[in-house]
Amino acid sequence: MDSAPGTRPGTPPRILELRIHGIANTLPYGALGLPRDEVTQSDGDGLGSFWVPTPDAEARDRALPPGDVHAIRPDVRREAYSWGAMARLGGLPFGGLLGVVGTVAVRLLWAAMVPFGLVNAAYWARRIPAPAPAAHRPAARDTPTGSLRPDPTAALTRVFSLGLTLLFVSAVATVAMSVIGTRCIGLATPGPDAVVPVCARIPDALYGLARLDVGDRLALLSLAPVLLVAVLVAVAHGGQVRFESKFSVMRAGRTVPPSGPPLHRAGFWSQRSGSGLLWAHLGAALALTGQYLTWTRYADAGLPAPALPLAALVVILGACGFVALRTDDDGVQAVTPRWKGRAGLAVFAAGLLVWLLACAACVAGPQPGRMPALIGLDLVPALLGVGMGGIAATGLAWRTARSTRAVAAWTVVPVVATACVGVVLVTQPGPVLRHLLVAVALVAVLSPVAVVLAAMLLRRRAAEGWNGAGPGVFLLVSVAAATVYSSLLVLGVQWALRSGEHPAPEPLGGGLVGVARTVPDPDLVRVPPVYTEFGTASVVIALVFVVLLVVAAAGPYVIDTLRSRALWIPGAPNTLGPPYGPAVPAWRAVADAPDPDGGANPVLERVLRGRQVAAMSHRVELAVGALAAACYVAALVAHIPLIAQHDGTGAVRVPQWLSSLAVPALGVLAVTLVASALAGASGGVPGRPWGLLWDLLCFLPRSAHPFGPPSYAERVVPEVRSRVDAWLTGADIADDAERARVAPERRVVLSGHSMGGVLAAAVILIRAGNPVTDAASDTPSGRPSDSADGRLGLLTYGVQLRPFFGRFFPDLLGPTTTGLPRSTGPAWSADPWGGQVEAAAHAERAAGSGPGAVPAAPLTPEGPEPGSGEQVTLLSLLTCGAKKPAWVNLWRRTDFLGFPVMGYGENDVDRGAEEMDRSAYLFAVAAHSGYPASWAYHEALGEVIDRLRRLTPAGQSGAQPAVTQRGEPG
């Protein structure tokens, strides 16, 4: 770090240090460690931009002594890339004209989209099919499509997504068409001075509905669910980001034969328009709305076309079949067959036709003698809840099943459970058959638990999140959130309408309809019982989750507070501290104290407390697992009352005290939801609710649900990759001879914090799978232009690459993709990683010396042939046949979101960063931020640059990145 070998004074920098911020959305001047007025934008727009120090600030910092907080090496060009606006900007068209109310409404809609994002997470947590071998690919004249056969887990996930859309449509339709259309606005009394009873709390703007016939009223109110879907589409696509660049092969309109893991594939970060999927969801929503209009109990409802409910069912089943058969995904570039787009449009057209015919039938029909009962609104949400709960339960076993047929067999679970519940609700059988059907449904939903328990006991999937149950965990939390949102809407409106005043009705005379504002009987403002059961389920979720959370996450911390001595959690090995400066005494107070029993040490006590708090947050996997378990228990508890609440079909009754807690519990959730929505816009910064969760969900491509949050990585990865390609090819140099001389000497160090480190890893992987050809970079040889050649280094800090992303999404960022060692989950102890620390220490003692962790697979110097079954890994791309990879990762035990990438022992990649902020005026324990200001960062940057100089580019010597054999984990 003291010098830059080979750098002459005045020589232009040859190394690009590109800093990529994390989910905290550090602003560019913060990422560069400078005041706001000392940075300037060098490229980009309002969503993605590159920033550099101003010339004066750069000159000043280059003159600083090496190791200073702000020092810039003479051979380095420092840049910062800002992408946070992509995950935070978006909304309704003309949303700025709506003022504060519109802003809150949009943020509530963002929160309502979280279940859709969780479905996309479940999609990428499942097994991802590998591309077809080269021998089985289509001929050269055809488009290389790889493996395009329908996958059962993808089909089930997309059917689940369609169920989510229909559940939200059902909730809005219940409020509009049932609660308001048939319950809170009654039938006109006969006679010339007709009076229509109306709920006292109904908004004045809706009084005009009382003057309409029932059919006209319902047809008009059916616009509410249709408008909801339109608004969700507008919000979901309002944050869409777009990027075009001549340097990225992914944006050049070409198709590349797929090879290697998904993050290698050319189509992975291509934006998925999802038009066919979107049209199918829209068509199913319209058809279901039409079915609700025409599926009535009374013959005098004035319906002239009784076959419409059946036609709507056919459209919905057609939409299910369409989304299940969609296969143009998983990162395989493919030209979608024309019939798929046409089929999606056909589903939409059929759904639109059913809805229009249903509206026409309602308008054309006579005024009924009594209020029609909308049967579909009572039955369909219940069946959707059972079906989605069954699919979520099967997701627990998807990764454990070893064959496609075994996974496909799990489709029996939601089919059987839904069929049993449907028979009970529709036919209302006798007690014996009723109890038998209920038992069969429960056994079907419980069956995947045996597989999960076996996986936990045998520890066959210990290196995967929740022992391989990740897809089911995401789906269970998603369906629980969706049912809570639905019940929150329906029961909240019901509660608001069950009160009012007693003004006398005033007949208007002349045949005009008067409006009588009366207090409705509680039974009058009736809602389908399924929403009460969903509300009851939220109480069960809260109770079970609190108990499990205390046991799984907070229990060890509580036990630690009762200990007679503070729990000792060791710091990160190989931690480097400043050799000079005001932070040295604090650094020595921690580094020189092997154990807190050596005497009073207030600095060490504060650092140790920071380690303990960080350790508690590291149990997030246990906490999410507890939430999923609570959702599973609530689903089982709610589905029994689901059958019991309907008249004459009860098997088990819900305790009254539990039902009475539903509305208060939902009220607390409503306040929390609104508060989080308002907090998203605090400080005048555009934000979205639950920023951490939101940014994690936005990383993944939107492949399962078209209403899910847009993926910022679909722009970030190609945009950063484009900047890397531009630097390495010398695109900023006008003279051809100078470019040919300078470009081969250039290198790039991607410096990623937290999520930025994951994005940087994705950039390296996608470049390896899709190299820029010399034709694209204006060079004549026609060979690959050094995309996986040892010219890229990686410096990460505060990342979750191995214990979170590698475990939750094994086929995306697991060991077979990154080349990192497998990681078991956190333990139920005060130090969740204490077992791994001890194992690493034992391995070092047994070996006598050497690293405490080794690569997951042996490295070899050969390069893989495309489609050969071999694949490069992130680690091998950064090693390129050398002894040590050009990768250093910084972490500290006080970081609540930062982890090592190789292991808790000494190794060639992980380094400890000091646990105090040396840039702060007063002593402060460093946590997840402040890494670039640490002494360890500057040492690590020098180490990565030194390792890059030892690597030989493939374009010069023929050396290739090492490879590992592709295989399934476990």
Side-chain angles (χ1 to χ4, degrees), residues 24 546-575 577 583 586-626 692 754 797-800 802-804 823-841 889-901 903-905 910-918 920 922-931 934 936:
V546 168
V547 173
L548 294 178
L549 183 64
V550 170
V551 174
Y557 184 74
V558 173
I559 294 174
D560 178 57
T561 60
L562 302 177
R563 293 163 56 98
S564 58
R565 58 183 295 271
L567 175 70
W568 174 251
I569 297 180
N574 289 335
T575 299
W587 154 246
R588 292 300 178 191
V590 177
D592 295 342
D595 191 278
D597 290 339
N601 188 337
V603 173
L604 181 60
E605 289 178 358
R606 288 186 60 182
V607 170
L608 186 58
R609 180 54 59 184
R611 294 176 186 174
Q612 294 167 349
V613 173
M616 184 174 66
S617 65
H618 289 177
R619 304 187 192 98
V620 64
E621 182 177 339
L622 297 175
V624 176
L692 175 60
S754 190
Y797 35 99
V799 296
Q800 311 85 34
R802 179 170 170 257
F804 282 4
S823 173
T824 56
W828 190 86
S829 59
D831 182 4
W833 312 109
Q836 296 190 34
V837 173
E838 289 296 327
N889 175 69
L890 301 178
W891 68 290
R892 50 172 73 106
R893 290 304 294 266
T894 54
D895 188 346
F896 51 86
L897 275 178
F899 303 89
V901 297
Y904 284 86
D910 294 310
R911 300 288 184 272
E914 58 265 35
E915 295 167 305
M916 66 287 301
D917 187 355
R918 74 178 180 123
L922 299 177
F923 172 78
V925 176
H928 189 54
S929 59
Y931 280 96
S934 67

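All values below come from the heavy atoms of this structure, side chains included, with hydrogens, waters and symmetry mates left out. Because the structure is a prediction, the values reported are computed rather than measured.
- Looking at heavy atoms from C-beta onward, Glu621 lies out of side-chain contact with Pro803 at the 4.5 angstrom threshold.
- At distances below 3.5 Å, not a single donor-acceptor pair connects side-chain atoms of Ser934 with backbone N or O atoms of Glu914.
- For the pair Val925 and Thr894, the tightest heavy-atom approach, listed with the atom from each and the gap, is CG1-CG2, 3.9 Å.
- For Tyr931, the ring-ring contact (aromatic ring centres under 6.0 Å, His included) test picks out Tyr797, with sequence neighbours left out.
- Pro900 and Asn889 get closest at one heavy-atom pair: CA-ND2, 3.6 Å.
- In this structure, Arg892 CZ and Phe899 CZ are separated by 14.0 Å, a value rounded to the nearest 0.5 Å.
- Expressed to the nearest 0.5 Å, how far CZ of Arg893 lies from CG of Asp831 amounts to 4.5 Å.
- Taken to the nearest 0.5 Å, the CG atom of Leu604 stands 5.0 Å off from the CH2 atom of Trp568.
- Contacts of Ser754 classified as side chain to side chain donor-acceptor pair (under 3.5 Å), with partners at least two apart in sequence or in another chain: Gln800, His928.
- The side chain to side chain donor-acceptor pair (under 3.5 Å) check on Ser617 picks up nothing, with sequence neighbours excluded.
- The two residues Ala936 and Gly912 make their nearest non-hydrogen contact at CB-O, 3.6 Å.
- For the atom pair CG (Asp895) and NE2 (His618), the distance works out to 6.0 Å, reported to the nearest 0.5 Å.
- Atoms CG and CG, from Asn574 and Leu890 in turn, are 11.0 Å apart once rounded to the nearest 0.5 Å.
- For Ser929, there are no side-chain contact (heavy atoms from CB on, under 4.5 Å) partners two or more places apart in sequence or in a different chain.
- Considering every non-hydrogen atom in both Val901 and Asp910, the closest pair reads N-OD1, 2.9 Å.
- Partners of Glu915 under the side chain to side chain donor-acceptor pair (under 3.5 Å) rule, at least two apart in sequence or in another chain, are Arg611.
- For Trp891, there are no side chain to side chain donor-acceptor pair (under 3.5 Å) partners at least two apart in sequence or on another chain.
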